[in-house]
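Taking it in order: structure first as structure tokens, then the write-up.
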Amino acid sequence: MHNLTIAELVEGLKNKAFSSTEVTQYLLTRIKSLDTEFNAIITVTEAEALKAAQAADQRLAQGDAPALCGVPLVHKDIFCTHGVRTSCGSKMLDNFIPPYNATVIENFQHSGAVMLGKSNMDEFAMGSSNETSFYGPVKNPWSTDCVPGGSSGGSAAAVAARLAPGATATDTGGSIRQPAALCGVTGLKPTYGRVSRWGMIAFASSLDQGGPMARTAEDCALLLNCMASYDSKDSTSVDRSTPDYSAHLNASLKGLRIGVPKEYFSEGLDPDTEQAVRAALTHYENQGAQLIEISLPNTALSVPAYYVIAPAEASANLSRFDGVRYGYRCDNPQDLQDLYCRTRAEGFGEEVQRRILIGTYCLSAGYYDAYYGKAQQVRQLIKQDFVNAFEKVDLIMGPTCPSPAFKFGSKGNDPVAMYLEDIYTISTNLAGLPGMSVPCGVVEGKPVGLQIIGNYFDEARMLNAAHQYQQVTDWHKLAPEGIQ
Ligand code: GLN
């Protein structure tokens, strides 16, 4: 049962091959027995899940079931869930029980989906390895001495270990695509503004975007159909109708123009990962696509620009955690200053504090123009590189990450080495473009991903390209050893 995809579950539930209560109960039991090892899910909502499954079964019996009725999912612990702790991986919010749902969660509820629990993540989504979570790291189901990627490592590991058929995740600089690549699952970061950010705890507001993770592109299409919506509560939500992503999966790839950026295949890319990505590109050629070498000349500037802009926005967003309104508060504050200082020193982990310090510095009077203003100019150049490229090509493809999953502790003491994990993913966030990762090979026994970048709001074309690739390859079907 745990190997069924979302599409298969929808079909089986509709045909009464099994009930939502059966699937939900089965996966809850599986989470209990397997997740002690992976630590992917930090809150299991057993009672709520069984109640929702029962309600879904009733609707299924009545024959008026919405699209995802009865399908169990896991949600990243960054999405506010009414009455269920939403910690964002931080001690600061360890006691936070939101009085409302994020729009994404509401959308899934309307669609009849069942929430199994909340997935582990890097603290406030800052990280590429899940090592910054207050709840301890998530282990990669492919190799438990390796990281699952981050920040959505809990979601990726849960899907890879078949604890859930799909999960929500968020991506500010690569946090959907990088863990998807490292755990061998399919993940999509939509165009900025496609999925509502309301109720999604903010890290860097101009970069954050929620999106789906599942084992197949077909399943990501089903999840995105539900996640994407115009939301008047999010001022950056784009008022544009949502296409039916599932309806476009079978278009032929003949004549598709694929841009291959030469900057994504240079120094730093592991040769075996490169080989796997090149083999995937050959598959596309065999299906009638045309490969065109392109240049994204400002790629090398993306990491430095991001590490000014993201911390700057984070320092402003995280100022609300001051021990006054909600979340962690230090014991016996002597005065207001002491309350602020100790609450934030005790409630935030090291990486979050580092980002707040960098961001505050970059935004301070006298440095704003030199750092933040400059980084915004570089961001414009990076965006223009893509605008130029998309005049000549329909999609851009390359590696998602420079190498497969790395060992715990190997980059933890070197922030810059960790930041370079996102060298191929960050520029799409800076440009606001959609990007996805699709499993395309196994290196040293661990999965690697092909990244597909699309033009604005061209998620349907990306999903089509990914689905066609998954029709002729089996990488997305491979399970970690011991998980079958
Ligand atoms: N790894 C990047 C960072 O640490 C991106 C994280 C994300 O996309 N949320 O900021």
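Whatever order the structure lists them in is the order used to number ligands and atoms, beginning at 1.
- Paired with Leu223 under the rule side chain to side chain contact (heavy atoms under 4.5 Å, CB included), one option of Thr168, Ile6, Asn107 passes, and it is Ile6.
- In this pair, Tyr306 and Phe203 present their aromatic rings perpendicular. The plane angle is above 60°, beyond the 30 to 60° band.
- Under 4.0 Å from any atom of ligand 1, one finds heavy atoms of residues Ala125, Met126, Gly127, Ser128, Ser151, Asp171, Thr172, Gly173, Gly174, Ser175, Phe203, Tyr306, Tyr307, Arg355, Asp422.
- Between Tyr469 and Tyr284, the ring-plane angle classifies as parallel under the 30° and 60° cut-offs.
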Practice task
Carefully, step by step, assess Glu459 and Thr191 under the rule side-chain hydrogen bond (donor to acceptor under 3.5 Å, both in side chains).
Solution key: CA-CA 8 Å; Glu459 287 85 355; Thr191 307; 2.7 Å; yes

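- Salt bridge Asp94/Arg85: present, at least one basic N to carboxylate O contact under 4.0 Å.
- Ring geometry, Phe108 versus His75: the interplanar angle falls from 30° to 60°, so the pair is classed tilted.
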